[in-house]
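Worksheet: the structure to be examined is printed underneath.
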Amino acid sequence: MTITLTDTLQHWVNNAPFSGDGESRTGKVYNPATGQVARQVAFASKTTTEQAITAAHTAAKEWGATSLARRTAIMFRFRELLASRKNELAAIITAEHGKVLDDALGEVNRGLEVVELACNAAYMLKGDYTESASTNLNVHSLRQPVGVSAIISPFNFPAMVPLWFFPVAIASGNAVVLKPSEKDPSSSQWLAELMKEAGLPDGVLNVVHGDKEAVDTLLTDSRVSSVSFVGSTPIAQYVYSTGTAHGKRVQAFGGAKNHMLVLPDADLDLAADMAINAGYGAAGERCMAISVVVAVEPIADELVAKIAERSKKLRVGDGTRGCDMGPLITGEHRDKVAGYIDAGVASGAELVVDGRGGNVDADGEGFFLNPTLFDKVTPDMSIYTDEIFGPVLSVVRVDSFDEGIDLINSSPYGNGTAIFTNDGGAARRFENEIQVGMVGINVPIPVPVGYHSFGGWKASLFGDQHAYGPEAFKFFTRNKVVTSRWLDPSHGGINLGFPQND
Ligand code: NAD
C-alpha cells in the first residue's frame, strides 16, 4: 500500500479514492514549517457526502452481522500494521500539522492504545444474563451497533482523534464516515488505506474531506445514527444541538483552558519542567495543554523565574530537525495568537518572555512563534478568558489553596487540570472538589490511558458519554433487554394485570 499524496487529495469511499460529484471546491493544505502549500484537498458537496453515507449504510448491515471473531481479527491485523509503520504516519503528521516528529510519534502511540482496546471488543460487548428472574423466566441484555457513525475531527491530533473513535465504532459493528480537519487531512486517508490492507470490507470506513457543508450533511441525514465531534466549543455546541435535533446520539468535545495549581510545598523544578512540557508542547495546540499556571504565594517569583529560564532555551523550528517545538497550523492562526500577546501587554500583564521574534530553525516562511510567558495575569484579561491555542503561558498569582480551587472552578471549561504538591491531603481535597473531568496529581497532561474513558466537563463536552475506554462501547451500541419464558405444560391462563415477577 502506498498513500498517494497527489496534488488534490480525494475522498475515500468503498475502499477506493472517490472524486464524488466532481465538485470544484478545494482547500489548501500547508507545510506549516515552510509556509508552502503542499497540496489541495477536495471539499465534499452535500451530494458527495450523501454518497459516502450510502456506502456506509449499505455496508453496515452485513458488517453488524459479522462475527466478533472476524471483526476483531481485522483489528488485530490493523494494530500490527500500524505499530510496524508508525514512523510513516508520524512523518505525515509532522509534514501537515508541524508538530515535532517525537510528538507526532507520541500521538500515534496514544492512538494505538485505542486500537488495542478495540481488539477487546468481544469482552467489552459481553451482555448480562439473569436466570429465573421470575418462575421459568430468564432475562438477558445485549448490545447492538447503532448503524452508521459519523466522526468529525480537529486539526490538532490528525491521527489520534480519529483513532479515539473509529476502531471502537467499527469493532462494535458500525460503519463509519470520517470527516477529518481540512487543514491536515492525509493522516485519516492513510489510516483508512491501512484498514483496507488489514482486511476491512468495502464501505465500513469512508473518509470525506471538507468543511461545514459536509458536516451539516452528516448532522442532518437520517441514515447517520451517531456523531462524535471534536473541535472548538462554539462548533461543538452547534454540532450537539443540530445533531440531537435530528435524532442522533451525539458526543461533542469542545475547547479548554487548563490550569495547573502549584502549592508552596511543591518541587518547583519539577513543576517548572512540567509547565514547559504541557504549555509549549505541540506549540500549545493541545486541548489538554496547560495554559494557566496558578502559583500559590509565596512561590510565584521563584516559579516564574524557573519557567522563564527554561522557556528561553527551547529550540523552535522545523519538526523534522530535532527541535523542541514546531510551528502553528496556519499563518492566520499564528497572527491570531500574536494578537493575544499584544492584547496581554495592553491589558497590563507582565510580559516575561516575548515569543514575537527570536530564532527559528527552518527554511522559508513558516508559521512560527516562540514561547511566550506572562506573569501577574488576572481573570478579566482576554489572555486568561480565551482559549488561545498557542505557545502562550499565563501565570496567575493567588494567596491560598482555596483561592486557587475557586479560580479553576469558575472557568466555563472543565477539560483537564493538575496540582503540583507533596501534600497528600491537599491532593485528595483537590481531586474531590475540582469541577474538571480529567485531573492530574503531579502529572500535567492527564490524558487517560486507552482503557479509561476521556472527557471533560462543562463547555469541554456536550453529551454524556466520553471517548474510548468502556464508555465508547456504550456510545457505539444500543442496549436491548430480552425477557423470555419457555412454557412448561402446566402453565396457562389469562391475566390482564401488569406483569409482576414471582
Ligand atoms: P474547529 O472547531 O475549527 O474544527 C473542528 C472540525 O469542525 C473540523 O473538522 C472542521 O472542518 C469542522 N468545522 C469547522 N467549522 C465548522 C462549522 N462552522 N460548521 C461545522 N463544522 C465545522 O477546531 P480545530 O481548530 O480544528 O481544533 C482545535 C479545537 O479543538 C480547540 O478548541 C481544541 O481545544 C479542540 N479540541 C478538543 C479536544 C477535546 O477532547 N475536548 C481534543 C482536541 C481538540
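Quantities reported herein were computed from a predicted structural model and do not represent experimental measurements. Positions are given from 1, in the same order as the sequence printed here. Counting starts at 1 for both ligands and their atoms, in listed order.
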Report summary line: protein heavy-atom neighbour closest to atom 24 (P) of ligand 1 works out as F155 CD2, 3.6 Å
Query raised in the report: Out of C287, A256, G254, A459, who gets a non-hydrogen atom closest to atom 42 (C) of ligand 1?
Result: C287
Query - Protein heavy atom at shortest distance from atom 8 (C) of ligand 1 - result: S153 O, 3.3 Å
Query raised in the report: So is there a nitrogen or oxygen of Y238 less than 3.5 Å from a nitrogen or oxygen in ligand 1?
Result: no
Report summary line: Nearest non-hydrogen contact to atom 22 (C) of ligand 1 from the set D216, V239, N415, I235 belongs to I235
Query raised in the report: Parallel under 30°, tilted from 30 to 60°, perpendicular over 60°: which one fits the rings of W164 and F454?
Result: tilted
Report task. Check whether any N or O atom of N156, backbone or side chain, sits under 3.5 Å from an N or O atom of ligand 1, and answer yes or no. Result -> no
Query raised in the report: Quick one: nearest non-hydrogen protein atom to atom 7 (O) of ligand 1, plus distance?
Result: F229 CE1, 3.3 Å
Requested in this report: Say whether W164 and ligand 1 are in contact under the criterion: heavy-atom distance to a ligand atom below 4.0 Å.
Outcome: yes
Show me, pair by pair, the donor-acceptor contacts under 3.5 angstrom made by side chains of residues 444-453, not counting sequence neighbours?
from	atom 1	to	atom 2	distance (Å)
S453	OG	Y468	O	2.7
S453	OG	E471	N	3.2

Requested in this report: Considering only non-hydrogen protein atoms, determine which one is nearest to atom 2 (O) of ligand 1 and report residue, atom name and distance to 0.1 Å.
Outcome: S232 OG, 2.7 Å
Report summary line: When distances are taken from atom 31 (C) of ligand 1, the protein heavy atom at minimum range is E387 OE1, 3.5 Å
Report summary line: Residues at least two apart in sequence or cross-chain that pass side chain to side chain donor-acceptor pair (under 3.5 Å) with N409, listed by chain then number, are none
Query raised in the report: Any idea which part of A467 is under 4.0 Å from ligand 1, heavy-atom wise: side chain, backbone, both or neither?
Result: neither
Query raised in the report: For ligand 1, does E182 get within less than 4.0 Å through its side chain, its backbone, both, or neither, judged by non-hydrogen atoms?
Result: side chain
Report summary line: shortest atom 35 (C) of ligand 1-to-protein heavy-atom contact is with G231 O, 3.1 Å
Query raised in the report: Any donor-acceptor pair under 3.5 Å linking the side chain of Q36 with the backbone of N31?
Result: no
**Report entry** Shortest reach to atom 5 (C) of ligand 1 by a heavy atom, considering only I152, V230, I151
**Finding:** V230
Query raised in the report: So which protein heavy atom does atom 21 (N) of ligand 1 come closest to, and at what separation?
Result: V215 CG2, 3.5 Å
Query raised in the report: Looking at ligand 1, does G456 have a heavy atom less than 4.0 Å from it?
Result: no
